[in-house]
Amino acid sequence: KAGVTQTPRYLIKTRGQQVTLSCSPISGHRSVSWYQQTPGQGLQFLFEYFSETQRNKGNFPGRFSGRQFSNSRSEMNVSTLELGDSALYLCASSFDRVGLSIQTQYFGPGTRLLVL
Amino acid sequence: AQSVSQHNHHVILSEAASLELGCNYSYGGTVNLFWYVQYPGQHLQLLLKYFSGDPLVKGIKGFEAEFIKSKFSFNLRKPSVQWSDTAEYFCAVGPGYSSASKIIFGSGTRLSIRP
């Protein structure tokens, strides 16, 4: 099976701009989660989508939003970019069958965003 | 609320040395425990996971971890490290029978191996 793919891999933006990142999960996986990874903060959970609905949300401002399509592909949008948004944005997918005792996440390579 | 603590931010070892990376968590219920590794320039990969049964879990590349419930710990070990083990290691914990997004990650431990 193909792994989780993310596009683009690298992005340079300026303050005030907006950006959209894309994630294609492993085939058959219905849950997609987004994380922000920075050297000082580690992995911070942004949100999770399941069956086109946001199921969980982390502690990030409303400038961060996302959506999921019927084929489970997901996009994440950041509006009004700030310097502090520079980070590696990771997408992870999981199968997430109801009642499954263990939910393992599989990560994509990430999109490295630099805000100037 | 659950939390994960990785005590060492940066560990430096020589090749062939033994490795133990600490991970402690706080959560009272059934837990799933994970170790992920991120090699330089690569994406996060699952090293091993525990959800029930034998508390000593064997993973890929010779790594193992032991779940000690009484100590709320899930330390990662390798008897003899190689230069190629240079990477960042993340411990993660999630409540059992729950969404993967409930998994909490530790802040990571950077492992540098001197050739």
Side-chain angles (χ1 to χ4, degrees), chain A residues 2-7 9-10 23 25-26 29-51 53-60 66 68 74 88-112, chain B residues 1-10 21 23 25 27 29-54 57 59-60 65 67 74 87-110:
Chain A
V4 178
T5 58
Q6 292 186 245
T7 57
R9 293 292 308 278
Y10 303 93
C23 170
I26 292 171
H29 285 193
R30 298 188 298 165
S31 167
V32 174
S33 296
W34 288 89
Y35 293 85
Q36 182 193 67
Q37 185 181 12
T38 56
Q41 301 292 321
L43 273 83
Q44 303 288 311
F45 171 70
L46 279 154
F47 30 64
E48 181 209 9
Y49 285 87
F50 180 82
S51 292
T53 301
Q54 188 181 86
R55 187 160 68 172
N56 290 297
K57 188 177 190 307
N59 191 27
F60 277 80
Q68 187 180 34
S74 177
L88 181 67
Y89 289 89
L90 296 171
C91 166
S93 75
S94 65
F95 183 52
D96 210 312
R97 187 180 73 217
V98 172
L100 195 64
S101 66
I102 183 168
Q103 311 285 12
T104 303
Q105 289 183 306
Y106 297 87
F107 285 83
T111 295
R112 189 164 295 281
Chain B
Q2 64 190 58
S3 65
V4 181
S5 175
Q6 291 183 246
H7 318 296
N8 310 105
H9 296 294
H10 189 193
L21 301 182
C23 174
Y25 67 92
Y27 184 73
T30 303
V31 291
N32 297 325
L33 298 158
F34 309 83
W35 275 98
Y36 281 86
V37 61
Q38 190 172 33
Y39 297 103
Q42 296 188 28
H43 59 277
L44 274 165
Q45 302 171 43
L46 183 68
L47 261 183
L48 48 79
K49 61 188 177 187
Y50 169 85
F51 62 100
S52 68
D54 189 344
V57 181
I60 61 171
F67 170 48
F74 190 56
E88 187 149 19
Y89 293 80
F90 294 90
C91 178
V93 61
Y97 301 94
S98 182
S99 157
S101 65
K102 297 292 189 183
I103 295 172
I104 302 292
F105 286 81
S107 55
T109 296
R110 187 156 63 99

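- Proximity to chain A (any heavy atom under 4.5 Å) is shown, for B:Q45, by neither the backbone nor the side chain.
- Taking the six-membered ring wherever Trp is involved, the centroid distance between the rings of A:F107 and B:F105 falls below 6.0 Å.
- Of the two parts of A:Q6, neither the backbone nor the side chain holds a non-hydrogen atom closer than 4.5 Å to a non-hydrogen atom of chain B.
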Full working for side-chain contact (heavy atoms from CB on, under 4.5 Å) between A:L88 and B:Q38: CA-CA 13 Å; A:L88 181 67; B:Q38 190 172 33; 4.0 Å; yes

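- By the 6.0 Å contact criterion, CG on A:N59 is open, its count of non-hydrogen atoms from other residues, nucleotides or ligands being 12 or less.
- No more than 12 heavy-atom neighbours from other residues, nucleotides or ligands sit within 6.0 angstrom of NE2 on B:H9.
- The choice from A:G42, A:G110, A:P109 that makes the most heavy-atom pairs within less than 4.5 Å of chain B is A:P109.
- Only the side chain of B:L46 comes within contact range of chain A, judged by heavy atoms closer than 4.5 Å.
- Residue B:I103 comes nearest to A:Y35 through the heavy atom pair O-OH, 4.1 Å, listed as atom of the first residue, atom of the second, then distance.
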